[in-house]
Structures are given as C-alpha cells and as structure tokens.
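For reference, the structure is listed below as structure tokens.
Numbers here simply count residues along the sequence, with the first being 1.
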Amino acid sequence: NFMASKTSTSKKCPTCGKTVFFAEKANSGEDWYHKLCFKCAQPECKRQLQGGDFVDHDGKPYCKRCHDSHFRHQGYGFGQSLSSFTDPHGVHPESEVLK
C-alpha cells in the first residue's frame with residue numbers, strides 16, 4: 001500500500017508545515033521536525049534543540065532551561081524554604097510550630 005509506506009517515511013513539520021522525511025527528522029513525541037525547525041516552544045527563547053537536550057511538555061519541545069523556569073514544581077521541597085510559605089488563611093507555618 002503506497003499510502004501506508006508514505007506515512008511511515010514522512011510527516012508534516014509542526015513548525016513550518018512542510019514535509020519531513022525520515023532521514024532528516026528530529027522528533028519530539030509523535031511529531032517530526034526539520035532539524036533547523038526543532039526549536040524551544042517558548043516564544044521568548046526559540047533556542048535550537050538537539051537529540052536529548054530538550055523536554056517534551058504536552059507534545060511541545062522546550063529547552064531544559066525554559067521548561068524548568070515555566071513548568072517545574074515550586075514549593076516546599078522544590079527549591080523554596082518553609083519560611084517562604086503561608087497557608088490560604090495567611091498563617092505562617094513556622095508560627096504554628098513555635099507556639
């Protein structure tokens with residue numbers, strides 16, 4: 001079947017919309033990109049990505065720096081100290097511990 005073989009050897013690049021052939025692909029998840037189109041999805045960045053030097057988030061490739069700054073977990077145990085938190089009622093957790 002001609003169509004089955006064509007779809008397995010080429011796809012459309014999400015960045016430029018042109019055909020990407022197997023031999024020239026850089027991929028993130030199910031998507032294939034041209035190597036020059038394979039860039040960080042963060043609009044302010046657009047850094048050229050390579051091989052394992054990116055993080056796929058919701059089907060879009062991000063450089064590790066942008067992914068960390070925009071999507072990593074924040075909070076106690078994720079780079080912030082207990083002293084920087086208050087509960088929704090404005091009570092500082094350490095004030096309860098010190099009573």
Side-chain angles (χ1 to χ4, degrees):
N1 184 339
F2 175 73
M3 285 304 283
S5 65
K6 183 176 181 184
T7 57
S8 64
T9 59
S10 68
K11 291 186 177 187
K12 296 289 182 185
C13 176
T15 302
C16 71
K18 296 180 182 176
T19 301
V20 179
F21 295 98
F22 184 83
E24 63 180 349
K25 75 177 179 127
N27 60 306
S28 175
E30 297 290 317
D31 292 324
W32 291 9
Y33 295 80
H34 295 105
K35 290 178 182 170
L36 293 176
C37 294
F38 194 49
K39 297 179 180 179
C40 180
Q42 189 61 34
E44 305 85 56
C45 179
K46 297 293 185 190
R47 180 177 291 139
Q48 184 86 31
L49 301 173
Q50 298 179 20
D53 193 29
F54 71 96
V55 178
D56 185 290
H57 187 94
D58 292 335
K60 295 181 181 177
Y62 291 86
C63 69
K64 291 178 181 180
R65 184 183 311 165
C66 287
H67 185 268
D68 285 351
S69 67
H70 293 285
F71 299 110
R72 76 170 175 210
H73 297 288
Q74 294 186 358
Y76 182 66
F78 295 100
Q80 293 184 1
S81 69
L82 182 61
S83 64
S84 64
F85 283 91
T86 56
D87 75 8
H89 305 291
V91 177
H92 193 284
E94 290 179 353
S95 65
E96 294 298 313
V97 174
L98 298 175
K99 284 183 180 178

- Note on the structure: Taken in chain and number order and not counting sequence neighbours, the residues that satisfy side chain to side chain donor-acceptor pair (under 3.5 Å) with Ser28 are Asp56
- Item | Side chain to side chain, Lys35 and Glu24, heavy atoms closer than 4.5 Å | no
- Message: Side chains of Thr19 and Lys12, heavy atoms from C-beta outward: is any pair under 4.5 Å?
- Response: yes
- Task: Locate the shortest heavy-atom distance separating Ala41 from Lys46; write the atom from each residue and the value.
- Result: O-NZ, 4.4 Å
- Note on the structure: Between Tyr62 and Cys40, the two heavy atoms sitting closest are CA-SG, 3.8 Å
- Residue set satisfying side chain to side chain contact (heavy atoms under 4.5 Å, CB included) with His70, at least two apart, ordered chain then number -> Gln42, Glu44, Cys66
- Item | Over 12 non-hydrogen atoms of neighbours within 6.0 angstrom of CD in Gln48 | yes
- Going from CZ on Arg47 to NZ on Lys39, what distance comes out if it is rounded to the nearest 0.5 angstrom? 12.5 Å
- Report the distance from atom CZ of Phe71 to atom NE2 of His57, rounding to the nearest 0.5 Å. 4.0 Å
- Item | Side chain Lys11, main chain Glu30, donor-acceptor under 3.5 Å | yes
- Note on the structure: Note: with side-chain heavy atoms under 4.5 Å as the link, the other cluster members for Phe38 come out as Tyr33, Leu49, Phe54
